[in-house]
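Written below as structure tokens is the structure these notes are about.
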Amino acid sequence: MLGRLGFWMVMALAVVGPVLLLTYMPWWALLATLLLLAAWMASTRIGQQSWSVTQVGIATIPQRLGSSSVVVIGIAGVVGVLIAVLAMAAGFETTLRETGTDDTVVVTRAGAQTELNSVIDQDTAAVVTQAKQVLHNAAGQPIASPELVVIASLPKKSDGLDANVEIRGVGQRAWELRPGVKVIAGRKFTPGLRELIAGKRAVGQFKNLQIGSSMKLNGQLWTLVGEFDSADAHNSEIWGDADVVASAYRRGGTRTSVNMKLTDRGEFEALKAALTTDPRIKVDVSTTRDYYNRQSENLTRAIRILAITVGIIMAVGAVFGALNTMYAAVATRAREIATLRAIGFRGLPVIVSVLFETMLLAVLGGTLGAGLAWAIFDDYTASTLSNFSQIVFAFNVTPGLLWNGLKWALAIGFIGGLFPAVRAARVSVTAGLREL
Amino acid sequence: MKYFHLLWTALFRRKTRTLFTLLSVVAAFLLFGLLNSVRTAFANVGGDVAGVDRLVTMSKLSFTVSLPKSLLPRIQTVPGVAAVSYANWFGGFYQDPKNSFPNEAVAENFLDLFPEFVLPDEQREAFRRTRSGAVIGASLARRFHWKIGDKIPLQATAFPQKNGSNTWTFDLVGIFHGRDPQTQEGILFFHWDYFNEATQFGGGNSVGWYEVKLADRKQADPVAQRIDALSFDSDHETKTQTEQSVTAALVSQFADIGLIVGAIMGAVFFTLVLLTGNTMAQAVRERIPELAVLKTIGFSNVSILVLVLGEAVLMLFLGGATGMALASVIVDIVRQKLGSSIPLASLAGSTWLLGVAFMVAIGLIVGALPALRGMRLRIVEALAGR
């Protein structure tokens, strides 16, 4: 009884240990392990035995193609779904992260959290842009843009239903502030006129955003005069002159934020201290990097939780599939294994061979799943609601995610192969020889 | 039914294999139950049957733009309108921005339009009397351990007070319960009058949106058109929709949950078909001589077909029902613990029906080939082991 209990405890440790190890293992450690294994198989006697038994196992896979494919496809499914969902989180996170930099800041009303909730009056904007940490251009003007973020609802191309788009009224120096924003068609809006320029992703998502087309905002007719590409979240926005947008939305002289460039990224703390202690104004100051990272935090966390939950449940299913397949494989090879044992092979080569075979199938499945996820979902665009307006982002299947998927595959293969491997090694020789 | 025992014995002929296959099926349907619960939760946000007789009138420009309060008497006179109320989105959080939940400044008669929020009469009366009073849903009370009499400080994001402070303190005077399990309980209401008086921005007799109760729910479209006609071509045009279409639009803007759930379940069921198909094929291959014996003693080809198909469906059903029951238990526990902060809905009857349909369909698919093989086998060859 105790022996049996001890056996299961050893097995549990044998499962948990390597799986944990695998989860935290960097790629070079895995490579080193593989090389060690190869060296062991080449140099020691028992290693050579393991290799020859493994070869026999692998050679018989074609006879068990149907059941072996269960392991491969099962694991491909887990890895594919896991990577696809994580790529969604990664894509959203990257889009927002790349929107911010360390040397530009966004100033909002104290406590507002987002530009949309913020109100900055003219006096505050004047105080803020005069801070000495703000970079000045050749003409001696501060590179600062008081901006007004509002929301309009426009019909989508996909289903014709209205969705929210962010309209950003920008100051004259917005283009200097964000040199990454390039006009790719048409021209910039003319200050003072009801003209708009749309981001590339917004053009792709909403109807009637071709150059020359007009749209109605609050009863007034606006003309779209150009398209820009910023390669970040601004691509989902439409820009116009802040003064004109303010009059359409009846905001008078107030803005929602002031965006500014620092003389040096190291000056951020000094600027923050200066502005937050100024008794004339009540503002929050953050680098745009922090600001946009904060916007993506909650959603990316929720998606990651979903991915891991779904991944674990699917992995459990795949483990049982692999167990079934490998127990069946071991059963069909029972006589062969017993013969090997009878002529003097130890148990270890048998364990190694079954485990190796399962993990080989697992790697195949993992590669298949990762490849499919990459082929279908890399750069797949989707949109979501962030801060009450649509943000378009592209799924991002990173090398890190592919590696992660492969590690999951290895872990599933390990668990699914270990128990059948041990069973194979423990079956008594006489019983094995009598099989079939 | 008289063959049930036969099916059962056949299924558990190899206990370990069947057990492992069943556990895979359990995992697949557990996932199906959980994901469907998420999907239903998103589909149901505010969109349960309770809201069918209500319209929402917002600014056509965007819902962040407020409307003049002067529209109120004009909407009240629109034929087909039974009652009108109004509210303002507040957007406060408790202590940390992570503790965000819906909170709204509402008119005196707002709760009258929402019979799904059940508030005891004396608490409703206390709310009416207390200027700085607030009422919250039961799940919100559980989440933050608030009880009647507590003072709740909320941090405003968009609406600081006139004195510049971001902290608004409310007296908790009532806790309402949802009439139906789907009712959104994670919300806080306080007085619009108090808000309008104390806020620095957004006051000045403008309101966020109007809530309109219809006299006849079938008249939603004409009434909505009549309301929108009131402000047509003015500088505050409105857009009136049913409550469901407002939430449905918002949810569809958030993500195509249906598509995501569908894609994941497609991958899961595809692998499940392969996995259980393999098990069934093995099971039938091993039993060829036994099936031959059955045929010898008079079982017809069709009964063999039905037996094998039945075995497959039974396997899927056992695993599937267990998985969905497990999902149901998990969802209920999580809902109990976390309330409405996590989008999970109790497993609905429609989910169970869909689940059973999948069990039968997958069972038939994976049983088909082995069943045909069993049906077509020739007794002599099978008995000879060829």
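In the text below, chain A, chain B and the rest are named by the order of the sequence lines, each starting its count at 1.
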For this session: Please state whether the side chain, the backbone, both or neither of A/Arg294 comes within less than 4.5 Å of a heavy atom of chain B.
Result: neither

Exercise. What distance separates B/Phe29 CZ from A/Ile313 CD1, expressed to the nearest 0.5 Å?
Worked result: 13.5 Å

Exercise. Of the backbone (N, CA, C, O) and the side chain (C-beta and beyond), which part of B/Val65 lies under 4.5 Å from a heavy atom of chain A, both, or neither?
Worked result: side chain

Problem set entry | Worked verdict on A/Ile73 versus B/Phe270 for side chain to side chain contact (heavy atoms under 4.5 Å, CB included) | CA-CA 9 Å; A/Ile73 304 284; B/Phe270 175 74; 3.8 Å; yes

Exercise. For A/Arg304, does the CZ atom have more than 12 heavy-atom neighbours from other residues, nucleotides or ligands under 6.0 Å away?
Worked result: yes

Exercise. Side chain of B/Asn166, backbone of A/Ala110: donor and acceptor closer than 3.5 Å?
Worked result: yes

Exercise. For chain B, which of A/Leu161, A/Val81, A/Val119 has the most heavy-atom pairs under 4.5 Å?
Worked result: A/Val119

Problem set entry | Under 4.5 Å from any heavy atom of chain A - which part of B/Leu22 | neither

Exercise. Which of the residues A/Ala318, A/Gly80, A/Ala76, A/Ala152 is involved in the greatest number of heavy-atom pairs with chain B at under 4.5 angstrom?
Worked result: A/Ala152

Problem set entry | Proximal component of B/Thr279, with respect to chain A [non-hydrogen, under 4.5 Å] | side chain

Seminar exercise, completed: When every non-hydrogen atom of B/Ser24 is compared with those of A/Gly317, the smallest separation belongs to OG-O, 2.9 Å

For this session: Against chain B, label A/Ser118 side chain, backbone, both or neither, depending on which of its atoms sit under 4.5 Å from a heavy atom there.
Result: neither

For this session: Under 4.5 Å heavy-atom distance to chain A, tell me which part of B/Leu272 shows up: side chain, backbone, both or neither.
Result: neither

Problem set entry | Engaged part of A/Val310 at the chain B interface, taking heavy atoms whose separation is under 4.5 Å | both

Exercise. Of the backbone (N, CA, C, O) and the side chain (C-beta and beyond), which part of A/Arg64 lies under 4.5 Å from a heavy atom of chain B, both, or neither?
Worked result: neither

For this session: May I ask you to decide if A/Asn164's main-chain N or O and B/Gln253's side chain share a donor-acceptor pair within less than 3.5 Å?
Result: yes

Exercise. Got A/Ser153 and B/Lys239 here, is their nearest side-chain heavy-atom distance under 4.5 Å?
Worked result: yes

Problem set entry | Atom group of B/Leu275 that falls short of 4.5 Å from chain A, counting heavy atoms | both

Exercise. Counting N and O atoms only, with roles assigned by atom type, does the side chain of B/Thr157 sit under 3.5 Å from a partner on the main chain of A/Gln113, one being a donor and the other an acceptor?
Worked result: no

Exercise. Any side-chain heavy-atom pair from A/Leu299 and B/Phe254 closer than 4.5 angstrom?
Worked result: yes

Exercise. Chain B: which of A/Arg109, A/Met314, A/Lys282, A/Gln390 shares the most heavy-atom pairs with it under 4.5 Å?
Worked result: A/Arg109

Seminar exercise, completed: Interatomic distance, CG@A/Asp162 vs OG@B/Ser245, rounded to 0.5 Å, equals 11.0 Å

Seminar exercise, completed: OH (A/Tyr327) and OG1 (B/Thr16) are apart, to the nearest 0.5 Å, by 7.5 Å

For this session: Please check if atom OH in A/Tyr380 has more than 12 non-hydrogen atoms from other residues, nucleotides or ligands closer than 6.0 Å.
Result: no

Exercise. A/Leu306 versus chain B, heavy atoms under 4.5 Å apart: side chain, backbone, both or neither?
Worked result: side chain

Problem set entry | More than 12 heavy atoms from other groups under 6.0 Å of CD on A/Gln122 | no

Seminar exercise, completed: When the 4.5 angstrom heavy-atom criterion is applied to A/Ala328 and chain B, the contacting part is side chain

Exercise. Given A/Val85 and B/Ile264, is the side chain to side chain contact (heavy atoms under 4.5 Å, CB included) satisfied, shown in steps?
Worked result: CA-CA 9 Å; A/Val85 180; B/Ile264 296 177; 4.2 Å; yes

For this session: Just give me the residue among B/Pro160, B/Ser59, B/Ala281, B/Ser234 that pairs up with chain A most often, heavy atom to heavy atom, under 4.5 Å.
Result: B/Pro160

Problem set entry | Point-to-point distance, once rounded to the nearest 0.5 Å, from CG of A/Asn324 to CZ of B/Phe20 | 7.0 Å

Problem set entry | Choice from A/Leu154, A/Leu116, A/Leu323, A/Val316 maximising heavy atom contacts with chain B below 4.5 Å | A/Leu323

For this session: Determine whether B/Leu23 and A/Val319 make a side-chain contact, defined as any pair of heavy atoms from C-beta on separated by less than 4.5 Å.
Result: no

Seminar exercise, completed: Between the CG atom in B/Leu19 and the CZ atom in A/Phe320, the distance rounded to the nearest 0.5 Å is 7.5 Å

For this session: Take atom CZ of B/Arg17 as the centre, draw a 6.0 Å sphere, and report whether it contains more than 12 heavy atoms from other residues, nucleotides or ligands.
Result: yes

